[in-house]
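Worksheet: one structure, shown below.
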Amino acid sequence: MSKEQKQCCKKTSIGGQALLEGIMMRGPKMTAMAVRNPEGEIVIEKFPTESVVRGKFFKLPIIRGLFGYIDSMKFGSKCLMRSAEISGLDEAEEEIEREKREKRLEKAKKNPRKVEKIAKKQAKEDKKREELVAKATAKYEAAEVERASMAEKLESAKQKLADAREGGADASSVARLEGEVASLERKTRKAEERANEAKKTIKNPSMNALMAIVTSISMILGVVIAIGLFVLLPTFLYGLAAKYIGFLNPENPTARSFVKSVFEGVLKVLILVGYMGAISLMKDIRRTFMFHGAEHMTIFCYEAGLELTVENVRKQKRFHPRCGTSFLILMVLVSIFISFFIDPLLSLAGITEATVKLYMLIRAGLKILLLPLIVGLGYELIKVAGRYDNIVTRIISAPGVWLQHITVFKPTDDMIECAIAAVKEVIPDDGSDNW
């Protein structure tokens, strides 16, 4: 890199997420999605970055990490669902279902009773669909009325603000009107989002309802499975192994706590790496991981101060210290460190394996209660690693970078084009993305 390029290097707060056939980039002011549709065209959707307004307490270190993680999960799921619609995945699934119905009907033609049964079932489904369309249409019409009303109020507030400024109103009155306009702008955007969501539901109400249910169930199951795999399973396996392997159960309480934490920690790392490695073998997931690579490389290109072209992006590294994969492995490592103190704390409280039969269950429960702390600490570490570049941050980033070898793949040029299109939409003119 030349001297001139080094001088314009920067750290940005812009971050992204790989989607289905596209990428989402989130800047301080704007958020954009660039997704390829079935015709191969890049569809760009952008909207103001919504920051959840919270009190000072929720912005404290560690606390902010937990709520930031929850917000990212919710927002990321929304973007994934939208990318499925743009890329034609919803329509493809509907087409597959239609083909299955036709095949069942074809097979049943020899049996009149079966044909009648299928026809009745289809009629029932059609009636249900009509009801859902009617409900969705009513919801859309109500949302449109709300949107129009909010837009009218916003225009009126803007006019009042303009009149106040021209009429030389005092600063407090102008500030009050500015606050009113800002509030109405947020409410108008929300009303527009609700109207757009309701409009999309009319097209395929059953699929949209199903997607929402599936997403909710997936998130709940994800949390349950994560707790089972990373909290309960390692604890159970340690208890089982310690009965038969002597050195896993030393008499010294401090040594036992250390061995237990290391044993469970190694298991957690193996489970995480094994899971990531297994899903990376799936064709669709592998493509998403390639978009993941395009996201990282484009951010690096922007931070290097280079023109955002496919050629320049192609030269960049694909492993980024602020990656979500790094965050996952950091949470596992933080949990190992915190686990070391659990046994001494329980011992101080008078709870030991000798005195309480459900000791392992209590210990696992305490680990679950400490999950918010683990998430918060992981967030702070990833934040530091992304902001600074020194020996300490490189050590912090190293495990995540290693794991990224199985979650971040080299992208194709058309994937890089999506990433460039998305990031260009969110770069602010005032440099407010400087980290």
Side-chain angles (χ1 to χ4, degrees), residues 1 5 9-27 30-46 49 72 75-89 276-277 279-328 382 386 397 400-427 433 435:
M1 189 181 287
Q5 286 172 346
C9 282
K10 61 179 283 183
K11 294 286 185 183
T12 181
S13 62
I14 294 171
Q17 177 181 323
L19 304 174
L20 297 169
E21 295 304 315
I23 284 173
M24 176 271 288
M25 290 286 186
R26 197 171 191 179
M30 297 297 296
T31 296
M33 290 171 55
V35 181
R36 286 197 185 272
N37 63 18
E39 289 73 42
E41 303 164 332
I42 296 177
V43 177
I44 295 175
E45 292 190 358
K46 58 179 182 176
T49 297
S72 296
F75 184 72
S77 297
K78 252 178 104 175
C79 289
L80 272 172
M81 286 179 67
R82 181 60 185 142
S83 70
E85 293 171 8
I86 297 170
S87 63
L89 181 64
M276 291 295 187
I279 65 170
S280 70
L281 299 175
M282 298 167 64
K283 186 181 174 182
D284 291 340
I285 299 295
R286 192 174 183 86
R287 274 191 67 78
T288 305
F289 284 173
M290 289 168 75
F291 275 105
H292 195 181
E295 175 221 328
H296 285 187
M297 292 162 73
T298 305
I299 292 292
F300 271 128
C301 186
Y302 170 60
E303 290 183 326
L306 300 172
E307 185 184 355
L308 291 172
T309 63
V310 172
E311 292 74 22
N312 285 338
V313 170
R314 178 65 67 193
K315 297 171 188 173
Q316 306 304 313
K317 297 181 295 182
R318 68 180 196 271
F319 308 124
H320 203 288
R322 282 194 291 116
C323 174
T325 305
S326 297
F327 177 65
L328 287 175
I382 205 81
S397 301
V401 171
W402 295 335
L403 189 57
Q404 285 178 51
H405 280 79
I406 55 176
T407 63
V408 184
F409 296 145
K410 286 183 180 179
T412 57
D413 288 351
D414 60 320
M415 293 175 178
I416 292 173
E417 287 168 1
C418 274
I420 291 172
V423 81
K424 279 183 175 179
E425 296 291 341
V426 304
I427 297 172
D433 65 310
W435 194 323

Output, in order, the C-alpha distance, side-chain angles, deciding distance and verdict of side chain to side chain contact (heavy atoms under 4.5 Å, CB included) for His296 and Gln404.
-> CA-CA 11 Å; His296 285 187; Gln404 285 178 51; 3.3 Å; yes
Derivation and outcome, side chain to side chain contact (heavy atoms under 4.5 Å, CB included), residues Phe75 and Gln17 | CA-CA 10 Å; Phe75 184 72; Gln17 177 181 323; 6.0 Å; no
Between His292 and Cys323, is a side chain to side chain contact (heavy atoms under 4.5 Å, CB included) present by the stated rule, with each step listed?
-> CA-CA 9 Å; His292 195 181; Cys323 174; 3.3 Å; yes
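Remark: Lys46 engages Met30, Ala32, Glu425 in a side-chain contact (heavy atoms from CB on, under 4.5 Å) (not counting sequence neighbours). Under the side chain to side chain donor-acceptor pair (under 3.5 Å) criterion, Arg314 pairs with Asp413, not counting sequence neighbours. Scored by the salt bridge (Lys or Arg N to Asp or Glu O under 4.0 Å) test, Arg287 finds Glu21 as partners (sequence neighbours excluded). Shown here are the side chain to side chain donor-acceptor pair (under 3.5 Å) partners of Thr407, two or more places apart in sequence or in another chain: Thr325. A search for side chain to side chain donor-acceptor pair (under 3.5 Å) contacts involving Ser13 returns nothing, not counting sequence neighbours. Not counting sequence neighbours, the partners of Ile406 by the side-chain contact (heavy atoms from CB on, under 4.5 Å) test are Val273, Met276, Leu403. Contacts of Ile420 classified as side-chain contact (heavy atoms from CB on, under 4.5 Å), with partners at least two apart in sequence or in another chain: Thr298, Leu308, Val310, Val313, Ile416, Lys424. Phe319 is linked by a ring pair (Phe, Tyr, Trp, His ring centres under 6.0 Å) to His405, counting only residues two or more places apart in sequence or in another chain. With sequence neighbours excluded, the residues satisfying side chain to side chain donor-acceptor pair (under 3.5 Å) with Asp414 are Thr412.
Looking at every heavy atom in both residues, Ala421 comes nearest to Ala34 through CB-CB, 4.2 Å. Contact detail for Ala18 and Leu80: the closest heavy-atom pair is O-CD2, 4.3 Å. Nearest heavy atom pair, residue Met297 against residue Lys317, reads CG-O, 3.1 Å. Minimum interatomic distance between Glu307 and Cys301 (heavy atoms only, all atoms of both residues): O-SG, 3.6 Å. The two atoms that bring Met415 and Ala294 nearest to each other are O-CB, 3.7 Å, heavy atoms only. Considering all non-hydrogen atoms of both residues, Met25 and Val426 come closest at O-CG1, 3.5 Å.
Each of Phe300, Phe327, Tyr302 was checked for a ring-ring contact (aromatic ring centres under 6.0 Å, His included) with His320, and the lone residue meeting it is Phe300.
With values rounded to the nearest 0.5 angstrom, Ser326 atom OG is found 11.5 Å from Trp402 atom CH2. Here Gln316 contributes atom CD and Ile299 contributes atom CD1; the two are 11.0 Å apart, rounded to the nearest 0.5 Å. In this structure, the separation between CE on Met24 and SG on Cys418 is 14.0 Å, given to the nearest 0.5 Å.
In this structure, the side chain of Thr49 engages the main chain of Gly27 through a donor-acceptor pair within 3.5 Å. A donor-acceptor pair under 3.5 Å is absent between the side-chain atoms of Glu295 and the main chain of Phe291, judged by distance alone. Here the side chain of Arg318 pairs a donor or acceptor atom with the backbone of Val408 at under 3.5 angstrom.
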